[in-house]
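Take a look at the structure below.
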Amino acid sequence: MTPQGHGQTAGGGCEYAGGEPDEMQLKLQRRMASIHHTVMVLSGKGGVGKSTVAANLAVALAERGLRVGLLDVDIHGPSIPKLLHVEHRRPEPSADGGIAPIAFDMGIKVMSIAFFLPHSDEAVIWRGPRKHSAIEQLLAETDWGELDVLVVDAPPGTGDEPLAVAQLIPKADGAVVVTTPQDLAVIDVRKSITFCRALDLPVLGVIENMSGLVCPHCGETVEVFAGSGGEALARDMGVPFLGRIPIDPAVARSGDAGRPYLLSSSDAPVAEAFRAAVAPLLDLDADREAVPAS
Ligand code: ADP
């Protein structure tokens with residue numbers, strides 16, 4: 001795999017530079033062995049704030065003094081480089097022949113599939129196996145060094161791509177499911193939880209993002225989307241509800257400016273909501289068990 005603009009095939013895809021698949025698997029296992037914890041961030045659909053939660057979770061973990069990696073494998077909408085304003089940087093080869101992640105603030109190491117994709121305004125039209133091998137190669141080649149925790153911004157939904165990620169990282173601590181309050185989004189959360197259970201992936205909790213709008217003038221919360229079933233659904237399915245994060249124009253602005261919200265507005269009330277929602281995830285040694293499918 002080579003950074004964007006180098007070694008792309010005529011179809012605009014990644015160059016597959018690895019050996020036999022079993023070699024790749026071994027390489028991947030060796031890489032994963034130096035990562036102590038892995039937390040996946042999932043969502044039933046795109047646009048609910050999954051990447052925003054992943055980026056801010058990485059910051060909250062780094063604030064604890066942990067060695068954090070942030071991996072973006074959202075193949076059709078990789079937005080972590082933009083959210084961290086590293087989209088113009090390119091990963092360099094690492095000392096051991098792999099690829100070195102980009103160094104972000106607070107020592108956070110960042111890798112995104114976006115660095116290896118065709119130009120950002122082109123759609124990725126790859127068949128399933130190609131996507132799977134691109135994700136596998138990214139995991140096998142990225143030289144994270146020793147990490148306390150890797151936060152994975154996974155592809156949305158419950159299809160082949162999140163499945164590939166969950167299968168390629170079989171020892172993940174669990175998944176956080178991000179949703180918005182609309183009934184339609186909540187239905188997708190049910191599917192995401194079922195997906196995790198089918199894969200024995202513990203559900204660390206559900207975060208309801210864009211849950212009401214805090215009026216910048218009067219401070220009152222305005223409900224924007226009908227429904228607020230995230231909490232009821234989490235209870236119903238026996239998984240933790242981690243909290244609600246309101247819509248805040250400052251969150252969107254921080255995303256556009258490439259500065260995670262917790263770094264740019266650390267004292268704002270919505271930052272408190274963010275911190276409260278991710279707080280249970282910061283205890284990496286908590287006992288987590290996969291809830292069996294019912
Ligand atoms: P996803 O990863 O689910 O596709 P993103 O994290 O990329 O979603 O977020 C989509 C857009 O919504 C981004 O512009 C982001 O800045 C914005 N956003 C996310 N959460 C909030 C929030 N709580 N308030 C305001 N804007 C938000």
Side-chain angles (χ1 to χ4, degrees), residues 39-60 70-87 104 108 110-114 117 120-121 123-124 151-159 161-162 165 175-182 184-189 191-192 195 205-216 219-225 227-228 230 242-278:
V39 174
M40 307 239 193
V41 186
L42 300 178
S43 67
K45 59 170 77 195
V48 300
K50 170 176 58 63
S51 303
T52 302
V53 168
N56 285 286
L57 172 60
V59 169
L70 177 57
L71 173 67
D72 173 18
V73 276
D74 186 349
I75 205 158
H76 292 288
S79 40
I80 289 292
K82 176 90 183 73
L83 289 175
L84 303 186
H85 194 41
V86 296
E87 69 272 31
F104 183 68
I108 298 173
V110 183
M111 181 55 79
S112 170
I113 197 134
L117 293 176
S120 59
D121 53 12
V124 175
V151 177
V152 182
D153 184 3
T158 52
E161 295 134 40
V165 174
V176 182
V177 182
V178 181
T179 184
T180 50
Q182 305 97 309
L184 273 178
V186 170
I187 291 167
D188 286 332
V189 177
K191 289 187 200 156
S192 295
F195 171 86
V206 173
I207 293 181
E208 198 174 274
N209 187 33
M210 308 194 192
S211 191
L213 165 76
V214 179
C215 171
E220 289 281 309
T221 301
V222 183
E223 295 309 328
V224 179
F225 300 116
S228 63
L242 298 173
R244 297 192 171 80
I245 300 166
I247 296 177
D248 181 346
V251 175
R253 276 198 303 274
S254 72
D256 289 346
R259 188 97 190 124
Y261 180 72
L262 287 187
L263 284 180
S264 55
S265 314
S266 57
D267 300 330
V270 175
E272 286 310 308
F274 250 116
R275 283 183 203 287
V278 300

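When a ligand or atom number is given, it counts from 1 through the structure's own listing order. Since we're looking at a predicted model, the values are computed, not measured.
Of all heavy-atom pairs between F195 and G159, the closest is CE1-O, 4.4 Å. When all heavy atoms are compared, the tightest approach of L213 to P249 is CD1-CD, 4.3 Å. Here the closest heavy-atom approach between residue N56 and residue L262 is recorded as OD1-N, 2.9 Å. For the residue pair D188 and G44, the shortest heavy atom distance occurs at CB-CA, 3.6 Å. Minimum interatomic distance between S43 and S192 (heavy atoms only, all atoms of both residues): C-OG, 3.8 Å. For the residue pair T158 and K191, the shortest heavy atom distance occurs at CG2-O, 3.7 Å.
Atom numbering of ligand 1 starts at 1 in the shown order; those under 4.0 Å from a heavy atom of S51 are 1 (P), 2 (O), 6 (O).
Under the salt bridge (Lys or Arg N to Asp or Glu O under 4.0 Å) criterion, D72 pairs with no residue at all, not counting sequence neighbours. With sequence neighbours excluded, the residues that form a ring-ring contact (aromatic ring centres under 6.0 Å, His included) with Y261 are F274.
Residue-ligand proximity: P246 is placed with a non-hydrogen atom under 4.0 Å from ligand 1. The closest approach between G47 and ligand 1 falls below 4.0 Å for a heavy atom of the residue. Contact annotation: S79 has at least one heavy atom less than 4.0 Å from an atom of ligand 1.
Looking from atom 16 (O) of ligand 1 to the surrounding protein, the closest heavy atom is A252 CA, 3.5 Å. In terms of protein heavy-atom proximity, atom 27 (C) of ligand 1 is closest to V251 CG1, 3.7 Å. Looking at atom 25 (C) of ligand 1, its nearest protein heavy atom turns out to be D248 O, 3.2 Å. Here the protein heavy atom with the shortest distance to atom 8 (O) of ligand 1 is G49 N, 3.0 Å. Ranking protein heavy atoms by distance to atom 20 (N) of ligand 1, first place goes to N209 ND2, 2.9 Å. For atom 14 (O) of ligand 1, the closest non-hydrogen atom of the protein is D256 OD1, 4.6 Å.
When only interatomic distances are considered, the shortest N/O to N/O separation between S43 and ligand 1 does not fall below 3.5 Å. On a distance-only criterion, I247 and ligand 1 share no N/O pair closer than 3.5 Å. Residue M210 has no N or O atom closer than 3.5 Å to an N or O atom of ligand 1. The shortest N/O to N/O separation between T52 and ligand 1 falls below 3.5 Å. The shortest N or O to N or O distance between K45 and ligand 1 is not below 3.5 Å.
Of the charged side-chain nitrogens involved, none lies within less than 4.0 Å of a carboxylate oxygen, so that R253 and D256 do not count as a salt-bridged pair.
With E208 contributing its side chain and G230 its backbone, the two residues share a donor-acceptor pair below 3.5 Å.
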